[in-house]
Structures are given as C-alpha cells and as structure tokens.
Amino acid sequence: AQTVTQSQPEMSVQEAETVTLSCTYDTSESNYYLFWYKQPPSRQMILVIRQEAYKQQNATENRFSVNFQKAAKSFSLKISDSQLGDTAMYFCAFMKLFGWGSNFGNEKLTFGTGTRLTIIP
Amino acid sequence: DVKVTQSSRYLVKRTGEKVFLECVQDMDHENMFWYRQDPGLGLRLIYFSYDVKMKEKGDIPEGYSVSREKKERFSLILESASTNQTSMYLCASAPTRLQETQYFGPGTRLLVL
C-alpha cells in the first residue's frame with residue numbers, strides 16, 4: 001500500500017514571499033502520478049499541479065512548481081510570490097496506474113494529511 | 001468546465017437515521033469516488049465506482065454503502081448514522097483516461113447528533 005506524508009500541519013508566510021511545502025511518499029510502484037491539491041476555506045478542492053513519475057523534468061504552473069526527487073520519494077511544492085488567495089489547505093496525493101479489463105483507468109488517490117497554509121498580509 | 005455537485009452543503013442528522021448523500025457530475029465521467037475528510041487524517045476513500053451498477057470498497061467502507069444506478073449519479077448511504085460518521089464528505093469524478101485527475105464537489109458537512 002502507498003503512504004503519503006506531509007510533515008508540516010501548518011505554515012504561514014508573508015505575502016510576496018516564497019514558501020515550500022514538503023511531501024514524501026512510499027511506494028514500490030514505478031509508474032504513478034503525484035498531485036498537489038488546494039482547498040481554500042469553504043471552497044472546492046482544485047488541482048494545483050501534477051507530475052508524472054516517468055518525467056524527470058519538474059512540473060511548473062505559473063507561480064507553482066514542484067521539486068520531484070524520485071529516488072528520495074520526495075515531492076515538494078514551491079509557491080513563489082505568494083498571494084492572499086493562496087491561503088488554503090494543501091494536500092499531496094499519489095495515484096498509481098492500473099489496468100481495468102482492457103482499459104487503463106484512474107486508480108484511487110492516496111492523500112497526505114494536509115498542510116494549512118496562511119498568507120499574511 | 002467539469003461540474004460536480006453535491007445535494008447538501010450542511011446536514012444534521014440523528015443517531016440511527018438513514019442518510020443519503022447525493023453526487024452528480026455533468027461530464028459523462030466513468031469513475032466516481034466518495035471520500036471523507038477529517039482534521040489530521042486528510043482524505044480517505046470510502047467507495048468508488050468505475051461504471052454504472054459497479055462499486056468497489058475503498059479504505060474505510062464500514063458503515064457505508066453506495067448506489068450507482070445512472071452514470072452521472074453516485075449516492076453514499078449511511079444505513080444507520082453514528083456520531084463517528086460526523087465528517088466532511090467529498091465526492092469526485094474522473095474520466096477513464098490516462099493522465100487525468102479527479103474533480104471534486106464542494107463537499108457535504110455532516111453532523112450526527
């Protein structure tokens with residue numbers, strides 16, 4: 001079974017600063033995806049960024065980037081130029097690929113326990 | 001845009017009641033999921049479904065059942081609600097394609113008294 005660990009329950013940073021959220025995972029799989037999800041207060045969970053394990057290049061999405069270290073099983077999220085709207089719970093998640101009959105489909109997501117990030121004005 | 005809706009944002013029920021949580025998605029996704037979210041525990045998968053009338057147990061299925069009679073609708077049922085089922089319940093859907101993620105509903109916060 002896969003496990004995902006987020007060791008920082010809470011973090012806070014001044015607006016415009018850079019912050020890094022850590023995530024480690026444990027798996028014996030070689031093909032998988034890693035995700036960072038954001039859940040703003042009282043709002044819907046949305047995908048921030050996704051990384052395919054077979055890609056060595058780190059994924060980036062505007063101010064969000066990851067540091068994916070496959071050998072170390074580490075997947076940290078860096079938020080640059082943080083904004084007040086970045087205040088949210090952030091969840092790291094793991095998904096392995098599997099076959100379902102003749103189709104490859106989504107395997108279930110395994111989530112970490114989350115990091116509550118507060119951006120201070 | 002993908003839209004996943006849940007029938008209630010907040011729900012208060014009494015111990016022993018039968019509770020139905022409804023989830024509807026409008027993107028013709030094959031896969032649907034029910035999670036519960038608790039502080040310090042993250043999201044844990046209760047049940048999922050890869051097709052109509054098909055269901056699979058997740059990590060914590062005890063005390064729950066599900067129904068998927070139509071592709072767009074996935075219901076979570078608490079046969080006899082208990083106080084330890086007080087939680088936030090999140091529904092998600094996803095297409096059967098590689099490199100896809102899951103799309104989440106807004107959640108239902110259930111309080112069992």
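Just so you know, these numbers use all the heavy atoms, side chains as well, and skip hydrogens, waters and symmetry mates. Here is how names work: the chains are called A, B, and so on, in the same order as the sequence lines, proteins then strands, and each is numbered from 1.
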Exercise. Hey, are the side chains of B/Y35 and A/M45 touching, using non-hydrogen atoms and a 4.5 Å cut-off?
Worked result: no
Exercise. So do A/Y33 and B/T101 actually touch side chain to side chain, heavy atoms under 4.5 Å?
Worked result: no
Should we say atom [atom1] of [X] is surrounded by more than 12 heavy atoms from elsewhere, each under 6.0 Å from it?
{"X": "A/N62", "atom1": "CG", "value": "no"}
{"X": "A/K70", "atom1": "NZ", "value": "yes"}
{"X": "A/Q56", "atom1": "CD", "value": "no"}
{"X": "B/R9", "atom1": "CZ", "value": "yes"}

For this session: Go through the atoms of A/Q39 and report whether side chain, backbone, both or neither lie under 4.5 Å from a heavy atom of chain B.
Result: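 Contact with chain B involves the side chain of A/Q39 alone.
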For this session: Flag yes if B/L90 and A/Y37 sit in one hydrophobic cluster, no otherwise; membership is Ile, Leu, Val, Met, Phe, Trp, Tyr, and two members link when side-chain heavy atoms are under 4.5 Å apart.
Result: yes
For this session: Measure distances from B/L43 to the heavy atoms of chain A and classify the residue's part below 4.5 Å as side chain, backbone, both or neither.
Result: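 When you check distances to chain A, atoms from both the backbone and side chain of B/L43 fall under 4.5 Å.
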Exercise. Between B/R44 and chain A, which part of the residue has a heavy atom less than 4.5 Å away: side chain, backbone, both or neither?
Worked result: neither
Exercise. Quick one: CD on B/Q102 to CE on A/M95, what's the gap to the nearest 0.5 Å?
Worked result: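 So the gap between those two atoms works out to 7.5 Å.
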